[in-house]
Amino acid sequence: MAPVPLAVTTSTKVDELQTREARAVAERWGLPYFPRRAKESVAPWLGTRVEALLVVGGDGVTLWEPGGSFGFHAGMAHLRRMRLREGEPDTFVRVAELRPGDAVLDCTLGLGQDALVASLAVGPSGRVVGVERSLPLCAVAGEGLRRYERGPDSCAVEVVHADAREYLRALPSASFDVVFFDPMFAKPRKAQPAFEVLRRFAEHAPLTPETLAEGRRVARRWVVVKGAKYTDDLRKLGLTEEPLSRFADVVWGRVAPLPVAP
C-alpha cells in the first residue's frame with residue numbers, strides 16, 4: 001500500500017487540547033489525521049505510512065519528512081517589522097511603494113516572510129493575499145501565520161493553496177495594488193539543513209514572461225520581482241535591477257502594470 005502524501009498528527013506530549021487542534025488542522029487542509037500514542041516515534045511512519053507529516057505541538061506546526069523537518073519562524077520578518085515600526089526603511093516596502101490601505105498579492109508565499117512585512121506596511125485597512133502551490137508549505141505557513149501575534153497595526157495574511165499562474169488568470173484586471181514574485185532561486189545559496197528540506201517541497205518552476213504579464217494585468221501600481229544575485233534572473237524577464245546596496249545578497253526589479261484597455 002502506497003504511503004499517504006501528507007497527514008497530520010500530534011507531538012509526543014499528547015493531550016485532549018492538542019488532539020482537537022491537530023484534528024482541526026487536518027480538517028482545514030483536507031488531510032487525514034493519524035492518532036499518535038504518547039512518546040511514540042513517527043520515524044517508522046515516514047516513507048512507509050506517510051511521505052510527510054504535519055506535527056501539531058505546543059510550538060506550532062512542524063513539517064517532518066525522511067530528510068529532516070522545519071516549521072514556521074517569523075525570523076527576519078519579525079526583525080524587519082520591528083525596524084519598520086521604528087521608522088527604518090525596508091527594501092520590499094520601498095521598491096513596491098507600499099502604503100496603508102494597499103492590497104498586495106504575494107504569488108510565492110513560501111513561509112510568509114515578505115507577506116508579514118507587507119501586512120504591517122499596508123496596515124489593518126489593507127489586504128495581503130499569499131498564494132502557495134505546495135500544500136505542505138502552504139499548511140505550515142498558514143498555521144504559523146494564524147498563530148503569529150501580528151498586533152492591531154497589521155492586517156491578517158490570507159493564505160491560498162493554488163497555482164499562482166491559474167490564480168492570476170482568474171482575477172479581474174487591476175485588482176491588487178502590488179503583485180509580488182519571489183521565485184525559488186535556481187542557484188541555491190548556502191543554507192541550514194532545515195532550509196534544504198523546505199527547498200524539496202518548494203515550487204522550482206521559473207517565473208515566465210507569460211505569468212509576469214498576468215501579474216502586470218492584475219497590478220495597479222507595480223509588479224515586484226526578487227531575484228538571486230550574480231544571475232540573469234531579472235534580465236531574462238526584461239527587468240532592470242533597482243539600485244541597492246552592493247552588499248545586498250538579492251536583487252530586486254519592478255515593472256509597471258499593463259495599460260488598461262478603454
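All values below come from the heavy atoms of this structure, side chains included, with hydrogens, waters and symmetry mates left out. For this chain, numbers begin at 1 and follow the sequence in order.
The nearest pair of heavy atoms linking Val50 to Ala7 is CG1-CB, 3.9 Å. Taking each heavy atom of Ala74 and Leu116 in turn, the nearest pair found is CB-CD1, 4.2 Å. Of all non-hydrogen atoms in Ser41 and Ala43, the two that sit nearest each other are OG-N, 3.1 Å. The shortest heavy-atom contact between Pro100 and Ser125 is C-OG, 4.3 Å. Pairing each heavy atom of Thr10 with each of Arg36, the nearest pair is O-NH1, 2.7 Å. What you find for Ala162 and Val131 is that their closest heavy atoms are O-CG1, 3.4 Å.
Residues Val255 and Leu239 have side chains in contact (heavy-atom distance under 4.5 Å, counting atoms from C-beta outward). A heavy-atom distance below 4.5 Å is not found between the side chains of Thr62 and Leu54. Side-chain contact between Cys107 and Leu105 is present, with heavy atoms from C-beta onward closer than 4.5 Å. Contact annotation: the side chain of Phe176 never approaches that of Asp102 to less than 4.5 Å [non-hydrogen atoms, C-beta and beyond]. You'll find the side chain of Pro257 stays beyond 4.5 Å of the side chain of Arg221, heavy atoms only. With contacts defined as side-chain heavy-atom distances shorter than 4.5 Å, the pair Arg220/Val178 does not qualify. Residues Thr12 and Arg37 have side chains not in contact (no heavy-atom distance under 4.5 Å, counting atoms from C-beta outward). A 4.5 Å side-chain heavy-atom check between Leu98 and Val104 finds at least one atom pair inside the cut-off.
In this structure, Leu79 belongs to a hydrophobic cluster whose other members, linked by side-chain heavy atoms under 4.5 Å apart, are Met76.
The CG atom of Leu53 sits 6.5 Å away from the CH2 atom of Trp45 when rounded to the nearest 0.5 Å. Note that CH2 of Trp222 and CZ of Arg216 are 10.0 Å apart. Values are rounded to the nearest 0.5 Å. In this structure, the separation between CG on Leu109 and SG on Cys138 is 6.5 Å, given to the nearest 0.5 Å. Taking CG of Leu237 as the reference point, atom CZ of Phe181 lies at 9.5 Å (rounded to 0.5 Å). The CD atom of Glu21 sits 13.0 Å away from the CD atom of Glu16 when rounded to the nearest 0.5 Å. Atoms CZ and CZ, on Phe92 and Arg80 in that order, are 7.5 Å from each other to the nearest 0.5 Å.
Cluster membership check: Leu6 shares its hydrophobic cluster with Leu111, using side-chain heavy-atom separations under 4.5 Å among Ile, Leu, Val, Met, Phe, Trp and Tyr. Under a hydrophobic clustering in which Ile, Leu, Val, Met, Phe, Trp and Tyr are joined whenever their side-chain heavy atoms come within less than 4.5 Å, directly or via other members, Val56 and Leu46 fall into different clusters. By the criterion of side-chain heavy atoms lying less than 4.5 angstrom apart, applied directly or through intervening Ile, Leu, Val, Met, Phe, Trp or Tyr residues, Val224 is grouped together with Val250 in one hydrophobic cluster. By the criterion of side-chain heavy atoms lying less than 4.5 angstrom apart, applied directly or through intervening Ile, Leu, Val, Met, Phe, Trp or Tyr residues, Trp29 is grouped together with Tyr148 in one hydrophobic cluster. Hydrophobic clustering places Leu171 together with Val225 (ILVMFWY residues linked when any side-chain heavy atoms are closer than 4.5 Å, directly or through intermediates).
Each of Arg169, Glu166, Arg165 was checked for a side chain to side chain contact (heavy atoms under 4.5 Å, CB included) with Glu214, and the lone residue meeting it is Arg169.
Between the Ser175 side chain and the Pro172 main chain, a donor and an acceptor come within less than 3.5 Å of each other. Side chain of Thr9 to backbone of Phe34: a donor-acceptor contact under 3.5 angstrom is found. Within the 3.5 Å criterion, the main-chain N or O of Ala24 finds no donor-acceptor partner in the side chain of Arg20. In this structure a side-chain-to-backbone donor-acceptor pair under 3.5 Å is missing from Thr211 to Leu207. Between the Glu132 side chain and the Gly110 main chain, a donor and an acceptor come within less than 3.5 Å of each other. Here the side chain of Thr48 pairs a donor or acceptor atom with the backbone of Pro44 at under 3.5 angstrom. Within the 3.5 Å criterion, the main-chain N or O of Glu51 finds no donor-acceptor partner in the side chain of Glu65. Judged by distance alone, with hydrogens and angles left aside, the side-chain atoms of Gln113 form a donor-acceptor pair with the main-chain N or O of His73 at under 3.5 Å.
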### Message
Let's go through Arg23 and Glu27 carefully: what are the C-alpha distance in whole Å and the side-chain angles of both, what is the deciding distance for salt bridge (charged side-chain N to carboxylate O under 4.0 Å, His left out) to 0.1 Å, and is it a yes or a no?
### Response
CA-CA 6 Å; Arg23 289 185 180 276; Glu27 184 175 350; over 6 Å; no
### Task
Begin with the C-alpha distance, continue with both residues' side-chain angles, and end with the deciding distance and a verdict on side-chain hydrogen bond (donor to acceptor under 3.5 Å, both in side chains) for Ser173 and Arg217.
CA-CA 5 Å; Ser173 297; Arg217 180 186 63 79; 3.2 Å; yes
### Task
Begin with the C-alpha distance, continue with both residues' side-chain angles, and end with the deciding distance and a verdict on side-chain contact (heavy atoms from CB on, under 4.5 Å) for Ser11 and Gln18.
CA-CA 8 Å; Ser11 71; Gln18 191 182 102; 3.1 Å; yes
#### Entry: Worked verdict on Arg254 versus Glu97 for salt bridge (charged side-chain N to carboxylate O under 4.0 Å, His left out)
CA-CA 11 Å; Arg254 69 181 185 182; Glu97 297 179 3; 3.2 Å; yes
### Task
Check the pair Arg81 / Asp90 against salt bridge (charged side-chain N to carboxylate O under 4.0 Å, His left out), numbers first and verdict last.
CA-CA 9 Å; Arg81 286 166 58 90; Asp90 181 86; over 6 Å; no
### Task
Verify salt bridge (charged side-chain N to carboxylate O under 4.0 Å, His left out) between Arg85 and Asp153, making sure each step is shown before the conclusion.
CA-CA 10 Å; Arg85 287 186 173 113; Asp153 56 359; 2.8 Å; yes
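Taking the six-membered ring where the residue is Trp, Phe180 and Trp252 present parallel rings, their angle staying beneath 30° rather than reaching 60°.
Between Lys226 and Asp114 there is a salt bridge, with a side-chain nitrogen of the basic residue lying less than 4.0 Å from a carboxylate oxygen of the acidic one.
The ring-ring contact (aromatic ring centres under 6.0 Å, His included) analysis of residues 150-175, with sequence neighbours excluded, yields no pairs.
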